[in-house]
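The structure displayed is predicted, hence computed values, not measured ones. Per chain, numbering begins at 1; letters A, B, ... match sequence-line order. Only this structure's heavy atoms are used, side chains among them; waters, hydrogens and symmetry mates stay out.
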Protein chains: 2
Amino acid sequence: MTSLDELKSRLREHVQRNGLKSSTRRDLILETLTTLGPHVSADQLLRAVRERDDRVGAATVYRTLRILQDCEIVAERRFEGGASLYELVDDTHHDHLICVECKTIIEFDDEIVERAQEKVATRFGFELHYHRHELYGLCAKCLKKRGSKVGATAR
Amino acid sequence: MTSLDELKSRLREHVQRNGLKSSTRRDLILETLTTLGPHVSADQLLRAVRERDDRVGAATVYRTLRILQDCEIVAERRFEGGASLYELVDDTHHDHLICVECKTIIEFDDEIVERAQEKVATRFGFELHYHRHELYGLCAKCLKKRGSKVGATAR
DNA sequence: TTGGCTGCAAATCCTTTGCAGAGGT
DNA sequence: ACCTCTGCAAAGGATTTGCAGCCAA
């Protein structure tokens, strides 16, 4: 886990290097983000921020998220269906298991997969920067709920 | 490669099973789709369809794509940035290597990865339905183009 | 004849942008 | 002071939906 202070200083550094200015709004948004779950939509973030300061506009949240992506504090995720979700970039890389029924997202990481994809990249002469790996299916809970209902196919 | 006739009959079957009706428009769209590249946007598809029949509306293309997804003839892909791309679902599953510079998409499949993700799913009690696995980076061509320009980091 | 299909335009949803004023350095 | 940041509202792009007429079964 990266600490909030660490994130703040990374943001400050990025701001200075790029001739931007710091602002209380931006700090507030970053702070709020760290209090929320690992995958947040711009809208969820906006609501949470407004609970602390109801004068914040949606545009500011989007603009701030863009900056936070630039300095690699957050990453944008476009899962299937609906809006983008944003997550704090952690030192530990992880991929996602997503339940198509209840939308639960489980994070995992698997070294075998990681190594295998490096090989694939090399095979095609690619220089790998990042990747996304998402497994969609039914989680244990939803499987149990379905129980005897055989043949129900989610999509 | 799945043949066009095979796809058509799969569509017909789906249509009958679900109390829908077949239509020339839908057939035209499916046919057109098979003549295009492996990743097509709704807009590209619309243009191509209109070259054959300029009375087709955008809504019909979207509605047809939805149906084609339901009967697993095409899959929707939300790559980073821009609109969704659609691809014919082939018997051979494949994943994607995407160049962040020139946007080239290379398809690959790797059994090690496939097996590894089955294991991950099992570990979490998931029943795996499908997945997406995308590697982003620089392709060989763009790497060469950069040549000496060291330290350029794409994101 | 019935009920699904279609084009059109309007409506949505998510995100970005223009502008005038507030705020940071 | 200068230039960035912000809220607001309007614009934008992609996709969906309502409706009246068209078409297949």
Side-chain angles (χ1 to χ4, degrees), chain A residues 8 11-33 39-71 74-86, chain B residues 8 11-33 39-71 74-86:
Chain A
K8 279 186 179 172
L11 175 56
R12 246 195 313 276
E13 200 183 315
H14 173 83
V15 162
Q16 294 187 335
R17 241 205 314 261
N18 293 73
L20 307 180
K21 291 178 178 170
S22 29
S23 82
T24 42
R25 287 274 187 282
R26 228 135 54 187
D27 291 348
L28 174 63
I29 291 171
L30 175 54
E31 273 184 46
T32 307
L33 186 56
H39 302 99
V40 190
S41 68
D43 187 63
Q44 291 173 316
L45 180 54
L46 175 63
R47 291 172 199 282
V49 168
R50 280 190 167 156
E51 279 179 24
R52 304 183 178 200
D53 182 346
D54 60 350
R55 306 153 150 281
V56 178
T60 301
V61 168
Y62 279 107
R63 286 190 274 235
T64 299
L65 282 171
R66 173 96 53 99
I67 291 174
L68 292 177
Q69 285 175 68
D70 289 343
C71 56
V74 312
E76 181 187 10
R77 294 275 176 182
R78 296 185 54 186
F79 294 113
E80 299 187 3
S84 289
L85 299 185
Y86 300 85
Chain B
K8 278 187 180 173
L11 175 57
R12 244 194 316 276
E13 200 182 316
H14 173 83
V15 161
Q16 294 187 332
R17 241 205 313 260
N18 294 73
L20 307 180
K21 289 176 179 171
S22 32
S23 82
T24 41
R25 287 272 188 283
R26 228 142 45 195
D27 291 346
L28 174 62
I29 291 171
L30 174 56
E31 272 183 48
T32 307
L33 185 56
H39 301 100
V40 190
S41 68
D43 187 63
Q44 290 174 316
L45 180 54
L46 174 62
R47 291 173 199 282
V49 168
R50 281 190 167 154
E51 279 178 24
R52 305 186 178 197
D53 182 345
D54 61 349
R55 307 152 150 280
V56 178
T60 301
V61 168
Y62 280 107
R63 286 189 275 235
T64 299
L65 282 171
R66 173 95 56 97
I67 291 174
L68 293 177
Q69 286 175 67
D70 290 343
C71 55
V74 312
E76 182 188 9
R77 293 276 176 182
R78 297 185 52 185
F79 294 112
E80 299 188 1
S84 290
L85 299 184
Y86 299 84

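- Take B:Phe79 and apply the side chain to side chain contact (heavy atoms under 4.5 Å, CB included) test, not counting sequence neighbours, and it matches B:His39, B:Arg77, B:Leu85, B:His96, B:Ile98, B:Ile105, B:Glu134, B:Tyr136.
- Looking at residues two or more places apart in sequence or on another chain, you find a side chain to side chain contact (heavy atoms under 4.5 Å, CB included) between B:Asn18 and B:His14, B:Leu20.
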Across nucleotides 14-19 of chain D, 5' to 3', mark each nucleotide with B, S or - according to how protein heavy atoms within less than 4.0 Å reach it.
SBBBB-
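- In terms of the salt bridge (Lys or Arg N to Asp or Glu O under 4.0 Å) criterion, residue partners of B:Arg47 (sequence neighbours excluded) are, by chain and number, B:Asp43.
- In this structure A:Arg17 satisfies the side chain to side chain donor-acceptor pair (under 3.5 Å) test together with A:Glu13, sequence neighbours excluded.
- Here the C1' atom of nucleotide C:dT15 and the CG atom of A:Leu46 are 13 Å apart, to the nearest Å.
- What separates CD of B:Gln44 from C1' of D:dG13 is a distance of 15 Å, to the nearest Å.
- Only A:Lys21, A:Ser22, listed by number, bring a heavy atom of residues 12-26 of chain A to less than 4.0 angstrom from any atom of DNA chain C.
- A heavy atom closer than 4.0 Å to some atom of DNA chain D occurs in A:Arg55, A:Val56, A:Gly57, these being the qualifying members of residues 47-57 of chain A.
- Taken to the nearest 0.5 Å, the CG atom of A:Leu45 stands 10.0 Å off from the OH atom of A:Tyr62.
- Residues satisfying the side chain to side chain donor-acceptor pair (under 3.5 Å) criterion with A:Arg78, sequence neighbours excluded, are absent altogether.
- One finds the CD atom of A:Gln16 at 10.0 Å from the CG atom of A:Leu11 (value rounded to the nearest 0.5 Å).
- Distance, A:Ile67 CD1 to C:dT15 C1': 15 Å, rounded to whole Å.
- Residues meeting the side chain to side chain donor-acceptor pair (under 3.5 Å) test with A:Arg26, sequence neighbours left out: none.
- If you measure from atom CG of A:Leu65 to atom P of D:dT6, you get 12 Å, rounded to the nearest angstrom.
- Between the CG atom of A:Leu28 and the P atom of C:dG24 there is a distance of 13 Å, given to the nearest Å.
- For the pair B:Leu68/B:Leu33, a side-chain contact is recorded, criterion being any heavy-atom separation below 4.5 Å from C-beta on.
- For B:Asp53, the side chain to side chain donor-acceptor pair (under 3.5 Å) test picks out B:Arg25, with sequence neighbours left out.
- Partners of A:Arg52 under the side chain to side chain contact (heavy atoms under 4.5 Å, CB included) rule, at least two apart in sequence or in another chain, are A:Leu28, A:Glu31, A:Thr32, A:Thr35.
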